[in-house]
There are 4 protein chains.
Amino acid sequence: MNSTDKKFRRRAEARPDEMLDAALAVFAEKGFAATKVDEVARRAGVSKGTVYLYFPSKEALMEGIVRRAVAPIAERALPDMAQFEGDPRLPIAMLVHTLQNLLSDPNNLAVPRLILREIMNFPAIAELYRREVLGKVIPALTALVARGVASGQLRKVDPEMTVRSIVGPIVAHVALSEVFGVRPEEGLALDRLVENHLDILFHGISPAGGEETP
Amino acid sequence: MNSTDKKFRRRAEARPDEMLDAALAVFAEKGFAATKVDEVARRAGVSKGTVYLYFPSKEALMEGIVRRAVAPIAERALPDMAQFEGDPRLPIAMLVHTLQNLLSDPNNLAVPRLILREIMNFPAIAELYRREVLGKVIPALTALVARGVASGQLRKVDPEMTVRSIVGPIVAHVALSEVFGVRPEEGLALDRLVENHLDILFHGISPAGGEETP
Amino acid sequence: MNSTDKKFRRRAEARPDEMLDAALAVFAEKGFAATKVDEVARRAGVSKGTVYLYFPSKEALMEGIVRRAVAPIAERALPDMAQFEGDPRLPIAMLVHTLQNLLSDPNNLAVPRLILREIMNFPAIAELYRREVLGKVIPALTALVARGVASGQLRKVDPEMTVRSIVGPIVAHVALSEVFGVRPEEGLALDRLVENHLDILFHGISPAGGEETP
Amino acid sequence: MNSTDKKFRRRAEARPDEMLDAALAVFAEKGFAATKVDEVARRAGVSKGTVYLYFPSKEALMEGIVRRAVAPIAERALPDMAQFEGDPRLPIAMLVHTLQNLLSDPNNLAVPRLILREIMNFPAIAELYRREVLGKVIPALTALVARGVASGQLRKVDPEMTVRSIVGPIVAHVALSEVFGVRPEEGLALDRLVENHLDILFHGISPAGGEETP
DNA sequence: CATGAATGAGAGTTCATTCAT
DNA sequence: CATGAATGAACTCTCATTCAT
């Protein structure tokens, strides 16, 4: 009860996570290059040396942040989509709404923002993201669209390219807002964007006289 | 005796431009932070001091690159679009094809790539881009869509959000390719993307039984 | 095992002082501008970075030197003088002799020499010196002379200007020697200067038939 | 009358002097180290290269300034003093008043100020000054005092040290004012200083019951 | 485990000086 | 004579990383 009391144990085990939290906060605020390890340590309530006890380098902090954020994505909603058999517009709408929910919470936005900001300086992160997220989401979506086209539930569109039409408007909307500060008066208004986007998308990919948006 | 001998190059008025070319090349290759002014100078065939003769700082090189690239954009195709009276799908298709042409040339791609890579560390550049490019293109496009909706040539879509549906797929396509290396086997295949995109888009925004893609 | 082995010196609280010593030595030798921080570090037995661990800039070293040297001056002999009630020539002689002692030791001379050399490039130091040293010594001396005049122990001299007559000859003597290398054959011969100076001064400010030099 | 008209000739011949004027102005304002040759050139209305046409280095400008200012001093009032036969207090008073006049004009103050500021970084200048000015003034003054002592017109003072008592108060007064900004409310008030100084000095060096200040 | 003092390679920037025109 | 574009050595300061305690 002395050296193993709550405080001590929690600290010992949660340390790496606390450091990633601190690093994310500072990276998000100042960018990777402008962030000093000293400040990450301070924000995490430890000394600079301790950071290096858990992470071999400043870059490793960056990778740790991304790895932690990316991990749950792959396991989550993907399997469902891949095996879905019915109207492909349903999982497409689900995916879009999942994205919407994800992006609505500023907390969730911090990591993508950071990735967007730094990715071109971190080939390893780009590769990780490509492999763990895009490499799973894109093929699943492509297959979904392809099945829809094959079954006649969708018009004869190019499945691979259509994936860009599904996520593109959302990406563009968030990028405009986050990078350039171009946003509607209401704020992000993601719901408005999603509604209009799905409306156009489904009109665009459904056969003439096709069903309405699910 | 040719135009590149030493004597001619001295005092050449093209000096600043040559430096921006060199800077663009190195920034594109290594990123802003990892680029040494020394290397920009070497690549431009001058000494480090000479760079500072024309640009007060390394950052000024970055700004110079963007400013030079952004300048012609605003003056170019915008006015036409704003005053166009007929089928709004025509100028939309034109804009998309203009983008396609622009992005097809790897030379033209270098600046947007660089901007994408560094913009979050250069608020001034983001602001410049927002003001000079987005601040002109987006309102023009929005008005165009709004007119189309008003005239009944387009379905009742949200003009402001629809702009994201027009450029989003292209942005996503280029970003996937340039940032993550996710691209079709043929390479960028921008034509395939554009064809599919316009197909879906126009089906998505045209009234039921509307005209075909222009 | 002695007090200068590596382990003991690490974290020593004397670090800043050691650096000031080193800086003073190099500044005195080469002047501020011609001194490289690297050399200060080497002379202090540390690395360049360590200097910046304790002092934020090269200028801060300069200020540190002066501040450290100036600190004890104000607290020392001033209070006595201010409250002295008897013959004002006594504390004047004491002050002059204190100066004489101070300036006799080449070690003590280093700081004034450095100040003299660099002061015009360091307004902050001039201000510090003015406030902490001159701002206390001069008014005290002035008051002393004024009291002497009022009590009739001194002739009717201008107290404020007489202060210049008290310290001027010493300043001139040291400046001639230190700056221009003009000095008697014996060396500085401060005692000779002081004796002659006080002889003239006291004859100059005492009433006709006044007392002898104390 | 074409290529030798006033403008051209004056420029050609007065160039070096104009450059020294410009250099003095900038050195006085910013100090030697902080002055850029570029600015001296600009202030002189010529190009940087032209400065190097007349002066081999930045330091040479400094030396030129001092040499030009020092030249007339030696030839001027010195001979008179050396051969003066009457009351030595007369030439002493004259010297002090000459100094007073010299220092009263801010224009004349610029060079001494600059010398004071930079001399310790320019051994050559110190040496020049020592040789050309001090080496002549001090022996002359010393001899004068010695003669006064020998003739009984002055008390038995140490001639060499007494020189410090003659110029010291003035030096101290100017240094206090120029270096530390310590000055009477009226401004420099050199006349007040000189009057009090000579009063004390002559009372100090004259035999008891000696004559009044000339 | 944790600390934080110490390191030192490295980069941006300045500016006296040169020299082709 | 005059120019001013070009040079490049030199310097200050930063900060990721190490390691003795």
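Every chain is numbered from 1 and lettered A, B, ... according to where its sequence line falls, protein lines coming before strand lines. Since this is a predicted model, take the numbers as computed values, not measurements. Basis for what follows: all heavy atoms, side chains included, without hydrogens, waters or symmetry-related copies.
- Candidate nucleotides F:dA5, F:dA2, E:dG4 were compared by shortest atom distance to the side chain of B:Tyr54, and F:dA5 ranks first.
- Between D:Met62 atom CE and E:dA16 atom P the separation is 14 Å, expressed in whole Å.
- Of all nucleotides listed (E:dT13, F:dT12, E:dA6), E:dA6 comes nearest to the side chain of C:Thr50.
- Of the candidates F:dT12, F:dA16, E:dT17, F:dT12 carries the atom nearest the C:Lys48 side chain, counting heavy atoms from C-beta on.
- In this structure D:Glu118 satisfies the side-chain hydrogen bond (donor to acceptor under 3.5 Å, both in side chains) test with no other residue, sequence neighbours excluded.
- In this entry the distance linking CD of D:Glu59 with P of E:dA16 reads 11 Å, nearest Å.
- For DNA chain E, runs of at least 3 consecutive pairs of the Watson-Crick or G-U wobble type, with both hydrogen-bonding distances under 3.5 angstrom, map to E:2-21 with F:2-21.
- Checked against salt bridge (charged side-chain N to carboxylate O under 4.0 Å, His left out), B:Lys58 has no partners two or more places apart in sequence or in another chain.
- The side-chain contact (heavy atoms from CB on, under 4.5 Å) test applied to B:Ser47 returns B:Thr50, not counting sequence neighbours.
- In this structure, of F:dT17, F:dC13, F:dC1, it is F:dT17 that holds the atom nearest to the side chain of A:Tyr52.
- Per the geometry, NZ belonging to A:Lys58 stands 17 Å off C1' belonging to F:dT18, to the nearest Å.
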Distance-only donor-acceptor pairs under 3.5 Å for side chains of residues 119-131 of chain C, two or more places apart:
from	atom 1	to	atom 2	distance (Å)
C:Asn121	OD1	D:Arg117	NE	3.2
C:Asn121	OD1	D:Arg117	NH2	3.2
C:Glu127	OE1	C:Arg130	NE	3.2
C:Glu127	OE2	C:Arg130	NH2	3.3

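- The same atom, P, is picked in E:dC1 and in F:dT21; the two are 23 Å apart, to the nearest Å.
- For the pair B:Glu178/B:Leu116, no side-chain contact is recorded, criterion being any heavy-atom separation below 4.5 Å from C-beta on.
- Applying the side-chain hydrogen bond (donor to acceptor under 3.5 Å, both in side chains) criterion to B:Glu63, with sequence neighbours excluded, gives B:Arg67.
- Listed by chain and number, the residues in a side-chain contact (heavy atoms from CB on, under 4.5 Å) with D:Tyr52 are D:Val37 (sequence neighbours excluded).
- Minimum atom distance to the side chain of C:Ser47 is reached by E:dT7, of the listed E:dT7, E:dG4, E:dG10.
- Within residues 28-42 of chain A, no residue places a heavy atom under 4.0 Å from DNA chain E.
- Comparing C:Gly49 and B:Met19, the nucleotide of DNA chain F nearest to each residue sits closer to the 5' end for B:Met19.
- The nearest whole Å value for the distance from the CZ atom in B:Phe55 to the P atom in E:dT14 is 15 Å.
- Summarising the geometry, the separation between CG on B:Leu53 and C1' on F:dT7 is reported as 10 Å, rounded to the nearest angstrom.
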Identify every side-chain donor-acceptor pair in residues 21-33 of chain B under 3.5 Å, counting partners at least two apart or on other chains, and give the distances.
from	atom 1	to	atom 2	distance (Å)
B:Asp21	OD1	B:Arg68	NH1	3.0
B:Asp21	OD1	B:Arg68	NH2	2.9
B:Glu29	OE1	B:Arg43	NH2	3.4
B:Lys30	NZ	B:Glu39	OE1	3.1

